[in-house]
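Worksheet: one structure, shown below.
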Amino acid sequence: MPQSSTMQQRFHAWLSDHADETVLRWIFRSVVTVTIIVLAVDLAGMNGLLGNPELAEITQEQPSLNLPSMVPSVLAPLLPGGDKRLMPLPQPDGAMAKPMTFELVGGGKLMATGTIMPGISESFAAEIGKRGDYIKTVVLNSPGGSVTDALAMGRLIREKKFATEVEAGKYCASSCPLVFGGGVERRADDKAAIGVHQVAAISTANALPRNEMSAAQTISARCQRYLGDMGISLQVWVHAMETPHDKLFVFKPDELKSLNLVTATPVAAPAAAPTKTRS
């Protein structure tokens, strides 16, 4: 027992004399250990030992709203005295929370309403295949959704040389502006709301963070290339990447025009003919 106490005293005395050296050794050993663990995990992943985590559809979290009750809050930044540029995302509700539907109405307008679910671009292409000869303008009212599908829809719109439009009191957010950007002519009423935010890669439980980051960077590059192809300022995507997932950056009408996201003003509805009265 006395010998054990003597050994402990000698050890503590040595540690006091070599404190810096001991700390540096422990730090070095810790770094080496962590490095070995990381390399082992990477090697296992490359060899399929950890499975191949598949990233789910890359999407922009979908802000849906209860129209028309939510419209005033969406348009708040545009009202006199409103200086708030970011707004919280409204919760999904009603038709906006459901998969996007398509309805051809008078004037060659195809009304596209609802969430851009994964695979909805195929339904859109089928609708264009059936009614494309009658369509002149795709009118959007959507909280966004799948970025991949939004890009496909936008490119098909450009291929068919359709115009796009967001009407007064309607909403085009998240990935929806990508669809809007496909129009050869793009119209938005001053009382419409168009907003963007960051993309999100939704992964499986086993997906590694670096894969999610890589996927998000890839889709971001695709979006920037797409905006450039459509003749739209890349500043639109800067605003998107600066805005957190739980917020929305709402563009002002003059910004939409300066960024070339909007190219024309909506065509005003014809005024009703005066009613003739008999004297």
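Since the model is a prediction, treat every value here as computed from it, not as a measurement. Atoms considered below: every heavy atom in the structure, side chains included; atoms not considered: hydrogens, waters and symmetry mates.
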Main chain of Pro253, side chain of Asp190: is a donor-acceptor contact present, judged purely on distance under 3.5 Å? no

Starting at CD of Glu167, measure out to NZ of Lys191 and round the result to the nearest 0.5 Å. 14.0 Å

Going by atom type alone, with no hydrogens or angles, which donor-acceptor pairs under 3.5 Å involve a side-chain atom of residues 95-105 and a protein atom two or more places apart or on another chain?
none

State, with a plain yes or no, whether a side-chain heavy atom of Tyr171 is found less than 4.5 Å away from one of Leu248. yes

Using the rule that Ile, Leu, Val, Met, Phe, Trp and Tyr join whenever any side-chain heavy atoms are under 4.5 Å apart, tell me whether Met111 and Met117 fall into a single cluster. no

Identify whether Phe249 and Leu234 are in the same connected component of the hydrophobic contact network (ILVMFWY, side-chain heavy atoms under 4.5 Å). yes

Verdict with reasoning, Leu156 to Phe162, per side-chain contact (heavy atoms from CB on, under 4.5 Å): CA-CA 9 Å; Leu156 181 57; Phe162 297 150; over 6 Å; no

Restricting to side chain to side chain donor-acceptor pair (under 3.5 Å), what partner residues turn up for Thr137, sequence neighbours left out? Arg187

Check the surroundings of atom CD in Gln235: do more than 12 heavy atoms from other residues, nucleotides or ligands lie under 6.0 Å from it? yes

In Å and rounded to the nearest 0.5 Å, what is the CG to CD distance from Asp189 to Glu165? 8.0 Å

Measure the spacing between OG1 of Thr148 and CD1 of Ile116 and express it to the nearest 0.5 Å. 11.0 Å

Between Tyr226 and Ala152 (side chain of the first, backbone of the second, donor and acceptor by atom type, cut-off under 3.5 Å), is there such a pair? no

Value rounded to 0.5 Å, distance of CG in Asn141 from SG in Cys176: 8.0 Å

Evaluate the side-chain proximity of Val147 to Ser175: yes if any heavy-atom separation is below 4.5 Å, no if none is. yes

Checking Val166, Ile157, Ile232, Ile194 against Arg186 for side-chain contact (heavy atoms from CB on, under 4.5 Å), the one that qualifies is Ile232

Of all heavy-atom pairs linking Phe180 and Leu261, the shortest is CE2-O, 3.2 Å

Give the minimum heavy-atom separation between Thr115 and Pro143, together with the two atoms involved. OG1-CG, 3.5 Å

Smallest heavy-atom separation, Asp229 atom then Arg155 atom, equals OD2-NH2, 3.1 Å

Value for CG (Leu178) from CH2 (Trp237), rounded to nearest 0.5 Å, stands at 5.5 Å

Is there a side-chain contact between Val138 and Met153 (heavy atoms, below 4.5 Å)? no

If you take all heavy atoms of Met241 and Val199, which pair is closest and at what distance? CE-N, 3.7 Å

Which heavy atom of Asp149 sits nearest a heavy atom of Ser121, and at what distance? OD2-OG, 2.7 Å

Should Leu256 and Met230 be counted in the same cluster of Ile, Leu, Val, Met, Phe, Trp and Tyr side chains packed under 4.5 Å apart? yes

For Ser174 and His197, which heavy atoms make the closest approach, and how far apart are they? OG-NE2, 3.1 Å

Rounded to the nearest 0.5 Å, how far does CZ of Arg225 lie from OG of Ser220? 10.5 Å

When you look at Leu110 and Phe124, which way does the side-chain contact (heavy atoms from CB on, under 4.5 Å) test go after all the steps? CA-CA 10 Å; Leu110 182 68; Phe124 179 68; 3.9 Å; yes

Taking the side chain as every heavy atom from C-beta outward, state whether Lys160 and Ile135 have any pair of such atoms under 4.5 Å apart. no

Val238 reachable from Leu227 in the ILVMFWY side-chain graph, under 4.5 Å edges: no

Does Cys223 have any disulfide (SG to SG under 2.5 Å) partners at least two apart in sequence or in another chain, and if so, which? none

